[in-house]
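Step one of this worksheet: look at the structure below.
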Protein chains: 2
Amino acid sequence: MVTIADVAQAAGVSISTVSYVMSGKRAISQETRTRVEKAIDSLGFSPHAGARSLASRSTNVIGLQAPLRTGVDVHVVMQIVTGVVTQARKHGYDILLLASDDAKALQRAAKGSMVDALLVMDVESDDPRIETLSGLGHPSVLIGLPEGRRAIPCVDFDFEAAGWLAVDRLVALGHRRLALIGSPPEVMTRHTSYADRLVRGFLAACEASGVTGSVHACPSTTEAVATVDAVMTENPDITGFFVHNEGALPHVAATIGRSARQRGDDLAVLALCPDDVARSVPGLADSIAVPAEGIGAAATDMICEILANGSQPAVRLLPPALTGTPTAP
Amino acid sequence: MVTIADVAQAAGVSISTVSYVMSGKRAISQETRTRVEKAIDSLGFSPHAGARSLASRSTNVIGLQAPLRTGVDVHVVMQIVTGVVTQARKHGYDILLLASDDAKALQRAAKGSMVDALLVMDVESDDPRIETLSGLGHPSVLIGLPEGRRAIPCVDFDFEAAGWLAVDRLVALGHRRLALIGSPPEVMTRHTSYADRLVRGFLAACEASGVTGSVHACPSTTEAVATVDAVMTENPDITGFFVHNEGALPHVAATIGRSARQRGDDLAVLALCPDDVARSVPGLADSIAVPAEGIGAAATDMICEILANGSQPAVRLLPPALTGTPTAP
DNA sequence: GTGAAAGCGCTAACAC
DNA sequence: GTGTTAGCGCTTTCAC
């Protein structure tokens, strides 16, 4: 293994000079700098991460707790993780992927000085992890927006605004009876924050616009088709569908598309999902994009800023936007 | 921060005794052991990972290079990652998620002593990373099975055997004209190892069974339906479909199911995908499970064994198995 | 069965 | 602008 001492010797300077060349924390003459840099390159030196973290009391690693369980939208999770990892690297951080999604895992990483900060996804209201995080002494950011005391900074997509936007769009298209085909029942029941916020925005917007809106939990599996059929049969006057359900989306789009063709109905499907997912669904005209990678990147930016400046920003919600071919009413 | 010295003092023993209690590397009297353990608990001590890695020259971290790009099957990737992370924790390892999937990232992690070993997914034949890994001095395992020199141990699902199994199953159901609806064109063209192996097994089995088999690349997006329609129109005598394509599967299953219903054809769809994905597709009777989480776990076991025993196992392929309601012919 | 002490490779005062 | 050196918190000889 090549150490900083080897580099110093090769460059004919002291150890600290090499260290300062790397960190840029003090002025170095152009001449020594090049000499040191050459030595570093030719020896292929990279500093020992452990030694560095021991001496500097910081690891340049951020711990990420991602929900690897099923029932979540894998596309969204993957994209958020991608955003986090990519952005972290830009700030010079690496990502330690935590195994379990309990409070213990957070403590292990923090107390073992394995990470400088923590990024936690899929936090529910009253999640015990929030209290753990507060007591940890490590900066942390939640990806999501749990209800309650708001002790930890949060980054998320503005699902509530998305609910409003969806209703505005469907109403603009001429629909007066709307349905939200939402998350699977288990997500709804868990009161996962994003599901609740979407429903709230959707219903409030329906009321504000004076249209009828109903909300339907929908399994993300085989039963999605049956669920949609049931909704359509029992509420034949619904013409505007707003779908926020990964597994159900293709079925819903197909079912409704077929029904529109067969019965000549003027039905509309508006999806809430990542852009590329929307593009892969046949027959889907518009969608509201969930900027999943952007959420990951924003959360990472926030935590890096806290790490750098000690600033303590509160909540950041990314605004929704319509995508796709806008079919004028 | 509470250090090992604090624990030693609290327990009235020397630092080394505390260290040995934790590592179990030398005999400790029952009495001191309990005293030390109590001190550890009451002080809430966890050893500093960096200090440990500096002194012991090992990090207890495994680097994982996962393809976060699109075009891959996100369900499969997520499940493999889950398997890796979960199993690693069981062996006492944590996972560092590498940002980019190039050789540089592997070097950075290894040479910076951030990891003890590397796990690399989605390796292609002639992948430059293979040579990098060989020269790195860190143990590594590939998840996948690239062609060629085989310098690095590999773990994967036995896609070739899956091709055989699929044909056997479809033939047993009475089908004589088979089609493999395969990976997207970009994956086929890249000669991603798994796609090639599946095709090879499928075609060989068709020949061995004396049935006709054709292979069709299929985009994982909107065009999947059109592709399948084209295949069915141009080859109306195909009755057995073997689908290995995340995005296309629901469409294929639906299209073929409908056609079977409308035209009264005896068509069969056999899918190759993770179990839970198969269960979420309406109207799918059987499938061959891709044990994605098992692949991740097996790869992790292998690398941990190499780390522990220095053993150098070669290739491990997980066998395919039929799932679902076996509909007798 | 236990302790003392020499590093591990780096950072960051504190010199000059 | 550069060098010297005291730690950072742990593991692991070596000594008893």
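Throughout, a chain's letter reflects where its sequence line sits, starting with A, and its residues are numbered from 1.
When each of B:Asp73, B:Asp275, B:Asp276 is checked for a side-chain hydrogen bond (donor to acceptor under 3.5 Å, both in side chains) with B:Gln79, only B:Asp276 meets the rule. Among A:Leu98, A:Ile95, A:Val120, the single residue meeting the side chain to side chain contact (heavy atoms under 4.5 Å, CB included) criterion with A:Leu64 is A:Ile95.
Contacts between chain A and DNA chain D, taken as any atom within less than 4.0 angstrom of a protein heavy atom, begin and end at D:dG1 to D:dG9.
For A:Glu131, the CD atom sits in a loose shell: 12 or fewer heavy atoms of surrounding residues, nucleotides or ligands are nearer than 6.0 Å. More than 12 non-hydrogen atoms from other residues, nucleotides or ligands lie less than 6.0 angstrom from CG of A:Asp102. The number of heavy-atom neighbours closer than 6.0 Å to CZ of B:Arg316, taken from other residues, nucleotides and ligands shown, is 12 or below. Within a 6.0 Å radius of CD in A:Gln9, other residues, nucleotides and ligands contribute 12 heavy atoms or fewer.
Atom P of nucleotide C:dC8 and atom CE of A:Met1 are separated by 12 Å, given to the nearest angstrom. One can place OH of B:Tyr20 at 10 Å from C1' of C:dG3, the figure rounded to the nearest angstrom. Atom CZ in A:Arg52 sits roughly 16 Å away from atom C1' in C:dC8 (whole-Å rounding). One interatomic measurement links the two molecules: CE of B:Met114 to C1' of C:dG9, which rounds to 15 Å at whole-angstrom precision. Atom CZ of A:Arg57 is separated from atom C1' of C:dC10 by 13 Å (rounded to the nearest Å).
Panel note: side chain A:Gln65, backbone A:Leu119; no donor-acceptor pair is recorded below 3.5 Å. Under a 3.5 Å cut-off, the side chain of A:Ser19 and the backbone N or O of A:Ile15 do not form any donor-acceptor pair.
With C:dC10, C:dG9, C:dC8 as the choices, the nucleotide that has an atom nearest any side-chain atom of B:Ala55 turns out to be C:dC8.
A donor-acceptor contact closer than 3.5 angstrom links the side chains of B:His91 and B:Asp301.
Residue B:Arg26 is in base contact, counting any heavy-atom pair closer than 4.0 Å across all strands shown. Across all strands shown, A:Thr17 has heavy atoms under 4.0 Å from sugar-phosphate atoms exclusively, and none from any base. Residue contacts for A:Thr3: at a heavy-atom cut-off of 4.0 Å it reaches the sugar-phosphate backbone alone, with no base atom in range.
In the interface, the side chain of B:Ser16 is paired with the base of C:dA4 through a donor and an acceptor atom under 3.5 Å apart.
Sorted by residue number, the members of residues 27-42 of chain B with any non-hydrogen atom under 4.0 Å from DNA chain C read B:Ala27, B:Ile28, B:Ser29, B:Thr32.
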